[in-house]
2 protein chains.
Amino acid sequence: MAEPGGRRRAGDDGRAGGGRRRPGLDGEQVVGAALRIADADGLAAVTVARVAADLGVRAPSLYNHVDGLDGLVRGIALRALGDLEAALSRASVGRSGSAAVRAAADAYRAYALAHPGAYAATQQARPDADPELQAAAQRTTEVLLAVLRDWRLEGDELIHAARAVRSALHGFVVLEADAGFGLPVDRDASFAWLVTMLIGGLDATRDR
Amino acid sequence: MAEPGGRRRAGDDGRAGGGRRRPGLDGEQVVGAALRIADADGLAAVTVARVAADLGVRAPSLYNHVDGLDGLVRGIALRALGDLEAALSRASVGRSGSAAVRAAADAYRAYALAHPGAYAATQQARPDADPELQAAAQRTTEVLLAVLRDWRLEGDELIHAARAVRSALHGFVVLEADAGFGLPVDRDASFAWLVTMLIGGLDATRDR
DNA sequence: CATCTGAACTAATGGTCGTAGTTTAATTCC
DNA sequence: GGAATTAAACTACGACCATTAGTTCAGATG
């Protein structure tokens with residue numbers, strides 16, 4: 001088997017009549033396959049070989065669409081940040097004050113639980129010298145800043161508060177994903193408590 | 001070069017007069033070398049080959065002392081958790097209330113900043129079916145529980161509070177280590193703000 | 001139909017972890 | 001002191017992995 005030069009059909013389901021010159025793979029599909037693997041089997045299961053196999057293609061072929069393994073996790077992270085931003089926006093629109101914080105926090109955790117591999121990719125991808133990744137992270141952060149509007153914080157204090165909220169949410173979902181909470185105590189209740197504490201802390205800074 | 005069977009002296013500096021049967025390596029030294037590499041060049045730089053090279057030994061030799069790469073990061077995590085617990089205890093002893101929380105939080109962050117690779121190992125090591133690792137994590141958690149004593153929380157509420165504090169601290173130091181804070185705002189001040197928020201949140205639950 | 005672009009291929013390199021089997025040094029026992 | 005035992009380090013391999021170089025051919029363009 002494996003005739004030399006044997007051409008495989010690798011993307012002939014739908015969208016074959018577009019303006020593209022060839023019906024094969026593209027970067028979107030490759031990153032999509034990697035994202036599915038990451039969420040199903042963990043980010044560590046995302047290898048060039050595995051993604052290629054899932055797409056019915058040899059490993060080197062992926063380099064035509066994606067910049068190696070780093071490009072793969074970068075692509076996952078980019079998509080994850082976009083989806084997370086959208087989820088946060090959806091949850092917080094039309095709400096204000098503590099209700100907005102609560103809704104955004106729940107959406108944040110829900111995304112991380114539903115897409116553990118994608119969320120992990122946002123940690124692993126290095127934003128140094130990657131403006132696109134930085135911008136995506138910035139957009140996500142700005143949703144959190146907007147959620148804090150009612151506390152009327154200004155300048156650095158707003159940044160401090162946003163960092164605090166993000167740290168708390170990030171820490172919780174990471175510990176939860178890594179099975180870091182040993183005791184058999186309801187995690188939903190712990191998360192609600194965390195959010196209540198954050199809101200209490202924000203209120204405390206207001207009437208200080 | 002590299003005569004077959006050439007014996008290397010690999011641990012003849014100091015402590016050669018102990019009761020050990022052989023002056024070669026032992027698990028402590030191997031994990032110690034791995035820990036140094038992790039803190040200096042990142043946890044990803046910890047490979048069996050690299051640790052062996054640093055010890056002046058061939059890679060397979062390490063398997064006499066440590067259970068492969070997983071054993072290496074497990075060993076690092078174990079030592080990190082012990083050191084972290086000690087640092088937290090040292091910082092919080094003799095203090096109470098918000099002063100104790102502040103001191104413990106500062107010690108937590110200081111450890112993570114001083115030992116980024118070791119701290120990362122505590123995330124990567126999987127505690128499933130590893131009672132020793134679970135116990136070490138539990139001991140660290142108990143210091144945090146003790147720090148919260150003055151808030152007189154009971155039962156699940158104490159667990160919720162401890163998880164919240166740990167999540168916040170963990171999230172902050174992870175984001176800080178991954179260069180996750182984009183904007184040029186003083187990180188020390190942000191951390192102090194986070195701790196103030198946590199204390200405010202704890203107080204809010206007391207007079208609720 | 002001829003040309004050309006580029007997507008996928010084969011082949012090869014160098015890195016990783018881990019195992020099997022061997023050699024030999026150090027210790028212990030007689 | 002010499003023999004037996006223990007175990008630490010070795011060489012040699014195998015199975016992956018990512019990545020690069022060079023080749024082939026399918027499909028679109030003129």
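Just so we're on the same page: letters track the sequence lines, and every chain starts at 1. Fair warning: this is a prediction, and the values are worked out from it, not measured in the lab.
- Scanning atom types as modelled, one donor and one acceptor separated by under 3.5 angstrom connect the side chain of A:N64 and the base of C:dA8.
- For the pair B:R58 CZ and D:dA9 C1', the computed distance is 10 Å after rounding to whole Å.
- As rounded to whole Å, 14 Å separates atom C1' of C:dT16 from atom CG of B:L62.
- As a whole-Å value, the separation of B:L72 CG from C:dT16 C1' is 14 Å.
- The side chain to side chain donor-acceptor pair (under 3.5 Å) test applied to B:D130 returns B:R74, not counting sequence neighbours.
- Around CG of B:D67, the count of heavy atoms belonging to other residues, nucleotides or ligands within 6.0 Å does not exceed 12.
- Applying the side chain to side chain donor-acceptor pair (under 3.5 Å) test to B:Q124 and every residue at least two apart in sequence or in another chain returns nothing.
- The phosphate of C:dG6 has neither OP1 nor OP2 within less than 4.0 Å of any side-chain N or O from A:H65.
- Remark: A:E85 engages A:R139 in a salt bridge (charged side-chain N to carboxylate O under 4.0 Å, His left out) (not counting sequence neighbours).
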In residues 164-174 of chain A, what donor-acceptor pairs under 3.5 Å come from side-chain atoms, sequence neighbours left out?
from: A:R166; atom 1: NH2; to: B:G180; atom 2: O; distance (Å): 2.8
from: A:S167; atom 1: OG; to: A:R163; atom 2: O; distance (Å): 2.8
from: A:H170; atom 1: ND1; to: A:Y119; atom 2: OH; distance (Å): 2.6

Short N/O separations, protein against nucleotides 16-19 of chain D, under 3.5 angstrom:
from: D:dA18; atom 1: OP1; to: A:V48; atom 2: N; distance (Å): 2.6
from: D:dA18; atom 1: OP2; to: A:V48; atom 2: N; distance (Å): 3.3
from: D:dA18; atom 1: OP2; to: A:A49; atom 2: N; distance (Å): 3.0
from: D:dT19; atom 1: OP2; to: A:Y63; atom 2: OH; distance (Å): 2.7
from: D:dT19; atom 1: OP2; to: A:L69; atom 2: N; distance (Å): 2.7
from: D:dT19; atom 1: O5'; to: A:Y63; atom 2: OH; distance (Å): 3.1

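- Legend: salt bridge (Lys or Arg N to Asp or Glu O under 4.0 Å) pairs involving residues 37-49 of chain B, not counting sequence neighbours, sorted by first then second residue: B:D41-B:R50.
- Dashed line: the shortest gap from a side-chain N or O of A:S61 to OP1 or OP2 of C:dA7 is not under 4.0 Å.
- Between the CD atom of A:Q29 and the P atom of C:dA7 there is a distance of 12 Å, rounded to whole Å.
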